[in-house]
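Every chain is numbered from 1, with letters handed out A, B, ... down the list of sequences. All values derive from a computational prediction rather than experimental measurement.
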Number of protein chains: 2
Amino acid sequence: MTDVTGPDRARLYEELALESRRYLAAYVLFNQAVADHLGLHPTDVQCLSLLTAEPEPLTVRQIADRTGLTTGSATRLVDRLERGGYVTRTPDRQDRRRVLVTPVPERLARVTALWDDLGETWQTLLDDHSEDELRAITRHLRRAHDLGHTQIRRLRALPRPD
Amino acid sequence: MTDVTGPDRARLYEELALESRRYLAAYVLFNQAVADHLGLHPTDVQCLSLLTAEPEPLTVRQIADRTGLTTGSATRLVDRLERGGYVTRTPDRQDRRRVLVTPVPERLARVTALWDDLGETWQTLLDDHSEDELRAITRHLRRAHDLGHTQIRRLRALPRPD
DNA sequence: CCGAAATCACTGCGCGGCGCAGTGACTCGT
DNA sequence: ACGAGTCACTGCGCCGCGCAGTGATTTCGG
């Protein structure tokens, strides 16, 4: 077992924490820049990202949950995207209360083209990492993601300090 | 030199890209949850994070640049934080046009306490990574951060596709 | 030097995304 | 069959935000 109390290690933790904060701050700015460039809002871009990541269409509620919006705001979000031609609404045959939101590939081409272009450069970052390192990075991201959701549940359960 | 074209490696790239997206999506939700819990806006929390990360106070303009807001909106942001007692305004003696924004430690204690609590759990994630892995993760984050800023400059230089 | 230009924080104004609360349509459990 | 729960959707009002302009201060060119 590795020693988790060494002074080197403490410094590594601190560096990682600092880089994480900078990384996340940069991401927010980057996302904003992408949205500006496309003439959309960050939320809209985020939603398109969600839709393209999923193999099948999402319902309005699923979009609301994954973006942190209320269902009302999610309806408006889909309104904007539909008006812009990015998505179409389809009634769900299984449950007629639900509405499926399907992305329109042709309209999304411009967006994905931009992502692909930016992603290509991004991949070159990974080229001089070993496979073990890549696995370690991926593992850390996944576990941080999981912890994030755990913390969110904790925060929502906690009473508001006011 | 490692082979960067192998099928395993391509799969690792894809996994890492997917986990990154999930990680970043979770961060946005997490940040929102923290802000909700404190009765603040995500932007406000982000600003407090910036202020506490820096050893010396920032000017309104610096806050604007680092949050992606206009100076006008940054003024309003500082207004909110000042009204809430989180920061104080101090005129800059060197340049009398400028205003320095200084965090108020006592008022921020509650916020940092929450961060520390959440950060403690977060650190346990790192305990079963080797030091080499930690270095690899940190390096990746730093380079991704740098690339992000490069891409932002590219995006701003590009013409709007409209 | 002195006046023009740049930069700073700040302010009115209007837009629009968002949460809230309520509505009707639909599904499900008993 | 009927009530409870869930779905997407809709007015309404709030307020964060960008935009454009202002005055104060600094910087720079002739």
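Distance CG (B:Leu100) to C1' (C:dA9): 12 Å, rounded to an integer number of Å. The CG-P distance, from B:Leu40 to D:dC15, rounds to 14 Å in whole Å. Residue B:Arg61 contributes atom CZ, which lies 11 Å from atom C1' of C:dA6 at whole-angstrom precision. Atom CD in A:Gln62 sits roughly 12 Å away from atom C1' in D:dC7 (whole-Å rounding).
At D:dG16, none of the side-chain N or O atoms of B:Thr43 fall inside 4.0 Å of OP1 or OP2 (strictly under the cut-off).
Using a cut-off of 4.0 Å between Lys/Arg side-chain N and Asp/Glu carboxylate O, A:Glu14 and A:Arg11 are scored as not salt-bridged. Looking at B:Asp128 and A:Arg139, a side-chain N of the basic residue comes within less than 4.0 Å of a carboxylate O on the acidic one, giving a salt bridge. Of the charged side-chain nitrogens involved, at least one lies within less than 4.0 Å of a carboxylate oxygen, so that B:Arg89 and B:Asp79 count as a salt-bridged pair.
Of the residues in residues 78-92 of chain A, those lying under 4.0 Å from DNA chain C by heavy-atom distance are A:Arg80.
For the atom pair A:Tyr23 OH and B:Tyr27 OH, the distance stands at 11.5 Å (nearest 0.5 Å). How far CG of B:Asp36 is from CD1 of A:Ile152: 10.0 Å, rounded to the nearest 0.5 Å. The distance from the CZ atom of B:Arg61 to the CZ atom of B:Arg97 is 10.0 Å, given to the nearest 0.5 Å.
Closest to the side chain of B:Arg98, from the set C:dA9, D:dT10, D:dC7, is C:dA9.
Looking at A:Arg142, its side chain never comes within 3.5 Å of a backbone N or O of B:Arg22 through a donor-acceptor pair.
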- Query: What string of B, S and - do you get for nucleotides 19-30 of chain C, 5' to 3', if B is base contact, S is sugar-phosphate-only contact and - is no contact with any protein heavy atom under 4.0 Å?
  - Reply: B-----BBS---

- Query: Is there a salt bridge (Lys or Arg N to Asp or Glu O under 4.0 Å) between A:Arg135 and A:Asp132 once you walk through the steps?
  - Reply: CA-CA 5 Å; A:Arg135 272 186 280 269; A:Asp132 283 342; 3.2 Å; yes

